[in-house]
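Here the structure comes first, spelled out in structure tokens, and everything after it is commentary.
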Amino acid sequence: MAGLGSVPASAAQAIRVKSWGFNATGQLGDATTTDRHTPVTAAGVTAADVTAVSAGFTFSLALLANGTIEAWGGNSAGQLGDGTSGVGANKLTPGTVTGLLSVRSIAAGDEFSLARLGNGTVQAWGDNDNGQLGNGMVGGINPLPAPVTGLTGVVAVAAGSNHSLALLSNGTVRAWGDNASGQLGTGVVGGDSPVPVPVVGVGGVGVLGNVKAIAAGDNFSIALLNDGTIRTWGLNTQGQLGNGVLSPNSPTPVPVVGVGGVGVLGNVKAIAGGGTHALALLNTNTVRAWGNNGSGQLGNGVTGPDSPTPVTVLGVGGTGVLSDVALIAAGDTHSIAYQINGPVNTWGDNSSGQLGDGSTTTRNTPVGIRTGLLGIESIAGGGGHSLAG
């Protein structure tokens with residue numbers, strides 16, 4: 001679960017990473033375990049250093065400009081990458097992931113983490129119950145970063161609940177880990193893979209290619225193609241594949257249909273995967289959403305039912321259409337968007353204050369919140385918390 005896209009930040013601004021929402025394991029990084037209904041500052045992480053943030057289920061990651069990673073929050077499976085693990089190893093403030101340099105991008109899964117290095121390889125650490133670390137084994141944990149087997153030429157990574165994706169420089173995708181819902185895109189449902197395997201093409205023909213961006217939900221996967229259309233695969237019980245139907249699951253990529261199920265959704269420039277819903281940012285800087293809407297996370301003015309076709313995210317308070325959006329991110333049951341000139345907008349589940357509007361009221365249309373900063377470069381949604389930096 002992570003925000004996609006970027007906007008430039010002013011070099012003159014001294015911005016800090018902001019966090020809000022659920023904080024039982026210290027995932028907000030403010031040295032407490034108190035839930036926060038408005039944004040607080042993650043201790044010691046400045047925007048001059050941070051180029052990206054990513055949120056796991058109960059932990060957080062920040063990529064620094066010097067190519068190292070800071071991690072904080074839950075560490076039950078070693079997902080903070082400092083060599084420790086267990087509830088007693090949770091960190092309430094950011095600490096450095098051991099032994100990693102030249103990191104270019106990050107992704108946080110349920111209880112594991114991924115890092116793409118400058119040489120095109122990938123390192124992984126944390127929970128490995130389904131082989132999501134890609135080290136050739138299934139089971140156990142690894143509290144220190146280790147190479148993913150056989151990957152080179154990687155330009156992007158994404159992490160689902162217990163599966164991983166890598167986009168290669170040739171526009172094809174590799175996947176590994178949990179495949180119970182077909183989220184690896186190999187054409188079959190079931191059978192974890194502890195090593196990366198190719199994602200097949202639509203209908204299982206050939207290999208999926210011409211991909212320029214990837215994202216992952218809990219048990220499904222998303223690929224944005226060079227032509228601005230989207231392919232999805234995996235779990236579809238709540239319409240998260242956006243192909244116009246609720247179930248069955250699809251172990252091969254399918255096209256996301258247009259609004260109302262007409263044609264194919266196009267003109268997309270960024271994608272994000274939540275727990276069981278997904279977002280797309282269009283070239284018009286408006287947002288479409290599909291999948292689970294039980295908490296209003298689709299932002300279309302209603303709470304439920306689920307939508308297997310994309311709907312338009314409304315403007316703040318349900319007026320008009322949310323526009324001028326630069327960044328999108330999806331948490332487990334909430335959504336986040338950052339407008340070109342601010343502010344941060346949030347909608348969906350707010351039971352832990354993850355919308356950051358000072359309440360715990362669930363919202364089915366966006367609410368604009370103040371984060372105390374401008375020039376945000378990255379946003380992310382976790383299990384019940386949010387990040388901006």
Measure the spacing between [atom1] of [X] and [atom2] of [Y] and express it to the nearest 0.5 Å.
X: H334; Y: S352; atom1: NE2; atom2: OG; answer: 9.5 Å
X: D82; Y: L144; atom1: CG; atom2: CG; answer: 8.0 Å
X: N210; Y: L225; atom1: CG; atom2: CG; answer: 7.0 Å
X: K18; Y: T371; atom1: NZ; atom2: OG1; answer: 7.0 Å
X: I328; Y: I379; atom1: CD1; atom2: CD1; answer: 8.0 Å
X: E70; Y: T96; atom1: CD; atom2: OG1; answer: 3.5 Å

So, the side chain of [X] versus the backbone of [Y]: is there a donor-acceptor pair under 3.5 Å, distance only?
X: T51; Y: A65; result: no
X: S221; Y: Q183; result: yes
X: S378; Y: V53; result: yes
X: S113; Y: Q79; result: yes
X: R116; Y: V155; result: yes
X: N23; Y: L28; result: yes
X: Q339; Y: S323; result: yes

Any heavy-atom pair between the side chains of [Y] and [X] that's under 4.5 Å?
X: T172; Y: R174; value: yes
X: P248; Y: N236; value: no
X: V245; Y: P308; value: no
X: L64; Y: V50; value: yes
X: V344; Y: I336; value: yes
X: H277; Y: N293; value: no
X: L235; Y: D218; value: no
X: D332; Y: F22; value: no

Can you list the steps and then say if R104 with S102 is a side-chain hydrogen bond (donor to acceptor under 3.5 Å, both in side chains)?
CA-CA 6 Å; R104 296 293 181 264; S102 301; 4.8 Å; no
N341 atom CG, over 12 foreign heavy atoms within 6.0 Å:
no
Side chains of R231 and T229: donor-acceptor distance under 3.5 Å anywhere?
yes
Taking atom types as modelled, is there a side-chain donor on T286 or R288 under 3.5 Å from an acceptor on the other?
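T286 vs R288: donor-acceptor pair found between side chains.
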Any idea which heavy atoms bring [X] and [Y] closest together, and the distance?
X: L133; Y: N128; result: N-OD1, 2.9 Å
X: P343; Y: I369; result: CB-O, 3.2 Å
X: S161; Y: F112; result: O-CE2, 3.4 Å
X: A216; Y: A158; result: N-CB, 4.1 Å
X: G258; Y: P310; result: O-CD, 3.7 Å
X: W176; Y: V195; result: CB-O, 3.5 Å

Say whether [X] and [Y] are linked into one hydrophobic cluster, either directly or through other cluster members, by side-chain heavy-atom distances under 4.5 angstrom.
X: Y338; Y: V367; value: yes
X: W233; Y: I214; value: yes
X: V103; Y: V97; value: yes
X: I376; Y: W20; value: yes
X: V311; Y: F220; value: no

Apply the test side-chain hydrogen bond (donor to acceptor under 3.5 Å, both in side chains) to residues N162 and Q132: give CA-CA distance (whole Å), side-chain angles for both, the deciding distance (0.1 Å), then the verdict.
CA-CA 6 Å; N162 293 300; Q132 58 264 52; 3.0 Å; yes
Stepwise side chain to side chain contact (heavy atoms under 4.5 Å, CB included) check, V154 with L168
CA-CA 4 Å; V154 177; L168 304 191; 3.7 Å; yes
side-chain hydrogen bond (donor to acceptor under 3.5 Å, both in side chains) assessment of E111 paired with S76:
CA-CA 8 Å; E111 292 184 319; S76 57; 2.9 Å; yes
Candidates T84, N90, T25 - the one meeting side-chain hydrogen bond (donor to acceptor under 3.5 Å, both in side chains) with N75:
T84
Begin with the C-alpha distance, continue with both residues' side-chain angles, and end with the deciding distance and a verdict on side chain to side chain contact (heavy atoms under 4.5 Å, CB included) for S359 and N350.
CA-CA 8 Å; S359 77; N350 198 26; 3.3 Å; yes
Please report the C-alpha distance between V157 and S105 in whole Å, then the side-chain angles of each, then the deciding distance to 0.1 Å, and finally whether the side chain to side chain contact (heavy atoms under 4.5 Å, CB included) criterion is met.
CA-CA 7 Å; V157 290; S105 61; 4.0 Å; yes
May I have the step-by-step check of side-chain hydrogen bond (donor to acceptor under 3.5 Å, both in side chains) for N179 and S193, ending in yes or no?
CA-CA 7 Å; N179 196 38; S193 178; over 6 Å; no
Q297: which of T362, L279, N292 passes side chain to side chain contact (heavy atoms under 4.5 Å, CB included):
N292
Checking T346 against Q354 for the side chain to side chain contact (heavy atoms under 4.5 Å, CB included) test, could you report, in this order, the C-alpha distance in whole Å, the side-chain angles of both residues, the deciding distance, and whether it holds?
CA-CA 8 Å; T346 56; Q354 58 263 55; over 6 Å; no
